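This report concerns only the one structure given below.
Along the sequence shown, residues are numbered consecutively beginning with 1. Predicted model, so just to flag it, every value in this text is computed and none were measured. Whatever order the structure lists them in is the order used to number ligands and atoms, beginning at 1.
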Amino acid sequence: MSATLNDTKRLAIAEQLAGMKALQRLLISVDQMLLDALDGALRPRLQKMLEQDQKNLSILETVIVQYGIQAQPKDTIEQQVKTLHSLMESSDLTLAEKVSQHELLKHQQTMTGLVIHKIAQRVGADVEAAITPLHTINFENRAHQEQLKGMIELLGVRELTGQDAEQGLWARVEDAIAALAGIAGSLITRTDDEIPIRELLLMDHSKADVLFTEILGSDDPQKIQEYFGQLYSDVTIHGLAEEQVLYPAVQPHYSQMPEIFDQTDGVIEMLDDIKALNPTDPNFKAQIEQVRIAVRSHVNQEEKDIFPKLKDCFSHEQQKQLATDFKAAKKQLQEQMAANDSKSLKSV
Ligand SMILES: [Fe+2]
Ligand SMILES: [Fe+2]
């Protein structure tokens, strides 16, 4: 089953997410350029947008790690980023025109995020689970578009007439954002730039549950192969990242940690054994069921024993640092997995 780890549809989503990350970086640098050029009343609005864009870059990086496949953006996106960057730095455009370009970029980012959601619905429930935090980014990008439209109107009128636009402009903008918030509902609750460590671990645990259900519920060998490829890399990388970052940190507070290490190694070995099988092998699903039970029992112990330790023995800042380190370890392992096979991961 060596060809399983890089299903083409899944790689295409990874490429789209990498494109969003490149564009998000551009949005941040344009925010900064405009912030330097804008006057009093518009500055606080743009300052807030910049802060949200920076937070969303961090959430986007988390989404990519949760998704589990690292990729490069398409060449066309990188080209676009370069072109727009120099256009924004030049004096060829008026300020209103620059804000107009910025709004177009925001539009592109919003649409990419929405399209990724639609693709995820077609590819698998595990993909939907991994990219859930994109809802926050999409909502805020839509809200930013409304703000930017207000700025374009104000600056455009001012540049051409020397006067301010009619009263009530910002009230209209706020109404439009409130209407969007009504549609987005409870999906828009992220304010911190780092998703808490327990939430990150839970997201991984439930993504694994979804993948097991997808594998056991499918009769299509190709789909099974695709889901197993994702499960194999997700669970192996999650376990190794826990061994690198989480378990050593919690060890002083938890006497049964050697057991937890053994369970993790055991699960990774079981997955390696299954990797050698063909999905049509009569033992395939029975072995998947065995590893599912082993993972669930390990995860239950982790959530019951280790989660309270994280909550009680670590400060908010320490938990945030653990989340950052866990995410970085996973990203590095994902990059290695893309380049090598799993055997080489264990020896690093
Ligand atoms: Fe875990
Ligand atoms: Fe674990």
Side-chain angles (χ1 to χ4, degrees), residues 61-69 125-127 129-133 194-215 227-275 287-314 318-334 336-337 342 345-348:
E61 282 166 349
T62 306
V63 168
I64 292 172
V65 171
Q66 292 307 109
Y67 178 60
I69 304 170
D126 61 291
V127 179
I131 66 167
T132 305
E194 188 63 275
I195 295 178
I197 179 69
R198 279 172 295 157
E199 196 181 327
L200 275 186
L201 296 167
L202 267 182
M203 281 168 78
D204 279 354
H205 295 166
S206 51
K207 189 183 172 196
D209 284 339
V210 173
L211 281 162
F212 279 119
T213 308
E214 281 174 323
I215 295 171
Y227 294 138
F228 179 74
Q230 192 67 54
L231 179 83
Y232 176 85
S233 59
D234 279 359
V235 173
T236 304
I237 287 170
H238 176 89
L240 293 176
E242 283 181 334
E243 288 186 339
Q244 285 176 18
V245 174
L246 183 73
Y247 300 160
V250 179
Q251 196 144 25
H253 311 283
Y254 185 49
S255 61
Q256 282 157 281
M257 202 51 99
E259 203 179 289
I260 290 278
F261 269 98
D262 287 347
Q263 290 167 0
T264 306
D265 293 341
V267 162
I268 293 173
E269 273 170 37
M270 287 166 96
L271 285 169
D272 270 327
D273 290 344
I274 301 176
K275 194 173 174 233
Q287 291 203 28
I288 289 283
E289 179 58 17
Q290 275 179 15
V291 78
R292 187 188 71 79
I293 292 166
V295 166
R296 238 312 124 194
S297 129
H298 164 82
V299 159
N300 286 345
Q301 188 173 344
E302 209 165 80
E303 292 176 5
K304 185 170 77 60
D305 293 349
I306 295 181
F307 279 29
K309 302 284 179 208
L310 286 170
K311 188 166 161 278
D312 298 337
C313 309
F314 295 83
Q318 286 172 322
Q319 290 185 50
K320 219 171 142 172
Q321 190 59 48
L322 276 175
T324 306
D325 294 347
F326 181 67
K327 208 165 74 176
K330 277 178 67 183
K331 180 168 186 263
Q332 201 193 1
L333 289 160
Q334 285 164 357
Q336 283 171 352
M337 185 166 275
S342 69
L345 291 179
K346 195 65 199 168
S347 60
V348 292

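- In this view, Gln290 satisfies the side-chain hydrogen bond (donor to acceptor under 3.5 Å, both in side chains) rule with no residue, not counting sequence neighbours.
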Please lay out, stage by stage, how Gln263 and Gln301 fare under the test side-chain hydrogen bond (donor to acceptor under 3.5 Å, both in side chains). CA-CA 10 Å; Gln263 290 167 0; Gln301 188 173 344; 3.1 Å; yes
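- Counted by atom type alone, Gln319 and Lys311 present zero donor-acceptor pairs between their side chains at under 3.5 Å.
- For the side-chain contact (heavy atoms from CB on, under 4.5 Å) test, no residue two or more places apart in sequence or in another chain qualifies with Asp262.
- Take Gln321 and apply the side-chain hydrogen bond (donor to acceptor under 3.5 Å, both in side chains) test, not counting sequence neighbours, and it matches Asp325.
- Aromatic ring orientation, Tyr247 versus Phe261: perpendicular (interplanar angle above 60°, classes split at 30° and 60°).
- Protein contacts to the Fe ion (ligand 2) involving N, O or S atoms at a distance below 2.8 Å are Glu242 OE1, Tyr247 OH, His298 NE2, Glu302 OE2.
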